[in-house]
Amino acid sequence: MNILVLNCGSSSLKFQIIETDAEKMKKGTDRELAKGLIEKVGSDEAIISIKAPGNADYKVIKPLPDHKVALHCVIDWIQMPTTKLDGISSLKDIHAIGHRTVHGTETFNSSVRITDSVIKELEANVDLAPLHNPANLKGIYAAKEVFGNDIPQVGIFDTAFHATLPKYSFLYGIPLEYYNNYKIRKYGFHGTSHRYIGIRYRQITGKSIEDTNIISLHLGNGASICAIKNGKSIDTTMGFTPLEGLMMGTRSGDIDPTIIEFLMKKEHLSIEEVMNVLNKKSGVLGISGLSNDMRDLDKAIAENNDERSKLALEMYAYKNKKFIGSYLAAMNGADALCFTAGIGENSASIRKDICRNLENLGIEIDDKLNNEMTRGKEGLISTKTSKIKVYVIPTNEEIMLAHDTYNIVSGLEILE
Ligand code: AMP
């Protein structure tokens, strides 16, 4: 089955075409036929970049008023005489669409076939995810308009993996009426990535789902940690929104909420302006005063011994360490830590800093193995004697979207 996987942001559209079926899923032989990114959707200078094995790279800049026109560009590219995709000679060879959808609210605790009632439910709950779901809905509307009802569409939710959080873990210590009336609670995000890490960990180790007790660290520009006990998410650092938890590229992570009121008064800022500071100007960027990208900080330290960059890295590692400790307590111990995403997969020094001085908790990094592990590589980075194993596992959210889409369309259970 050829699946078009879509991930729509407010001004972007990412896509992949993945060939999968039950056999390929089992053997891990799914094929990525094409991959593309359309940036600046809604502008006169949208950038379309598509790569596909056996095809010349495609790069065009042109006006694209909305996501529907952007999706049309993808379809036009698929149908160009010069495009050669194995097994795809016309649009009919695209069999299903999988949409990355950030917020499933409490209604969608698993991936779901998109129907009119699903769309209505997502529209009704847009206030819970004002930054993400409107963009995801744009992708769903566009795909419906372009493909009609002939081709099945599936929604895969970032929050769904965390539907197993116990109530004592997902509730905030505020009056219960706010949960009952407005569904204010921890939802958690990056669930598709954390679920993939759990599945991949089982494939690597041969363990059963009941025996999957790991801490998954998704450290990218956005970052979250997930405590996975008996294969299920029991706690995670992001909360009602992706602002909670770890200090991230530009997001503050946890702060005392009183700071918001204090800042509003001191800096004469509106609530929207303070929220913008916490979402876009804080974290690694705010502390370093330089960049949200760890590579820039590494460079500034190497070239200028930059103190603020050093501080940002110290804080980054310390905050990760504290969550590892608290999740080890929440889970009564774990068998492994699994690092993933841009920083988790690439930065040996940050992995080392996070795991430094955790020997008494049974975590020991092997420097040689750690230093060899860069993007795309998967494997163990802990010492032979480390009680808790430490892995680097490159995440693959797109493959999860494709697998869930295949399973839902085929009437099969989705992989936990
Ligand atoms: P992601 O959101 O998962 O794509 O991760 C993006 C982030 O990964 C960037 O902002 C960088 O901070 C980090 N990153 C990517 N490559 C490297 C690298 N080679 N060394 C350190 N950090 C990296």
Side-chain angles (χ1 to χ4, degrees), residues 5 7-16 35-37 39 49 51 100 102 131-132 135 158 189-197 200 216-226 236-238 242-243 245-253 279-303 306 308-317 319-320 338-356 365 367 369-379 381 391-401:
V5 166
N7 181 353
C8 290
S10 53
S11 64
S12 68
L13 183 154
K14 281 191 219 152
F15 80 92
Q16 280 195 22
K35 181 180 189 165
L37 166 65
E39 299 163 274
S49 327
K51 284 179 189 288
R100 179 178 183 219
V102 171
L131 294 179
H132 295 99
D158 273 8
F189 298 86
H190 290 144
T192 311
S193 175
H194 292 304
R195 180 159 62 105
Y196 175 81
I197 297 304
R200 193 68 205 127
S216 164
L217 298 98
H218 177 112
L219 308 182
N221 197 30
S224 73
I225 305 185
C226 181
T236 189
T237 54
M238 283 179 170
L243 182 56
L246 294 167
M247 181 174 109
M248 306 174 216
T250 63
R251 295 181 208 144
S252 63
N279 271 301
K280 305 228 169 103
K281 298 182 180 164
S282 299
V284 172
L285 170 67
I287 296 295
S288 69
L290 186 72
S291 169
N292 61 319
D293 192 313
M294 294 303 193
R295 287 165 290 195
D296 296 333
L297 273 61
D298 287 342
K299 195 160 168 261
I301 294 169
E303 288 174 2
D306 188 73
R308 283 181 65 171
S309 295
K310 281 204 260 180
L311 177 62
L313 290 179
E314 269 170 9
M315 288 173 66
Y316 192 85
K319 285 170 193 289
N320 269 277
C338 301
F339 283 97
T340 195
I343 299 167
E345 290 169 31
N346 287 299
S347 179
S349 60
I350 292 179
R351 291 191 299 252
K352 173 81 184 171
D353 287 347
I354 291 173
C355 295
R356 181 170 289 125
I365 292 286
D367 288 334
L369 293 177
N370 185 37
N371 290 334
E372 283 165 3
M373 207 63 74
T374 48
R375 186 143 239 169
K377 286 200 192 147
E378 178 183 86
I381 57 165
Y391 290 89
V392 174
I393 302 180
T395 194
N396 194 339
E397 290 166 281
E398 290 74 21
I399 214 75
M400 294 298 292
L401 302 187

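Residue numbers start at 1 and run along the sequence shown. One-based numbering, in listed order, for ligands and for the atoms of each. Note that the coordinates shown come from a computational prediction; the quantities given were computed from them, not determined experimentally.
- Every atom of ligand 1 is numbered from 1 in the order shown, and the set under 4.0 Å from a heavy atom of Gly220 is 1 (P), 2 (O), 3 (O), 5 (O).
- A distance-only check finds no donor-acceptor pair linking the side chain of Arg251 to the backbone of Leu243 [under 3.5 Å].
- Counting non-hydrogen atoms of other residues, nucleotides and ligands closer than 6.0 Å to NZ of Lys299 gives a total of 12 or fewer.
- Nearest protein heavy-atom contact of atom 11 (C) of ligand 1 is Asp293 OD1, 3.3 Å.
- Among protein heavy atoms, the minimum distance from atom 19 (N) of ligand 1 is reached at Asn346 CB, 3.6 Å.
- Atom 3 (O) of ligand 1 has Gly342 N, 2.9 Å as its closest protein atom, hydrogens excluded (heavy atom only).
- A parallel orientation is assigned to the rings of His190 and His218, their planes being inclined by less than 30° (bins at 30° and 60°).
- Annotation: atom 20 (N) of ligand 1 to nearest protein heavy atom, Arg295 CG, 3.6 Å.
- The protein heavy atom nearest to atom 6 (C) of ligand 1 is Asn221 N, 3.8 Å.
- With Thr237 contributing its side chain and Ile225 its backbone, the two residues share a donor-acceptor pair below 3.5 Å.
- Considering only heavy atoms from C-beta on, Glu345 stays 4.5 Å or farther from Lys377 through its side chain.
- At the top of the distance list for atom 22 (N) of ligand 1, counting protein heavy atoms only, stands Met294 CB, 3.6 Å.
- Those atoms of ligand 1 that come under 4.0 Å of a heavy atom in Ser347, given as number and element, are 21 (C).
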Would you please test Glu378 and Arg200 for salt bridge (Lys or Arg N to Asp or Glu O under 4.0 Å) and show each step? CA-CA 10 Å; Glu378 178 183 86; Arg200 193 68 205 127; 2.8 Å; yes
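- Given atom 13 (C) of ligand 1, the protein heavy atom at minimum distance is Ile343 CG1, 3.4 Å.
- To the nearest 0.5 angstrom, Ile381 atom CD1 is 11.5 Å from Glu372 atom CD.
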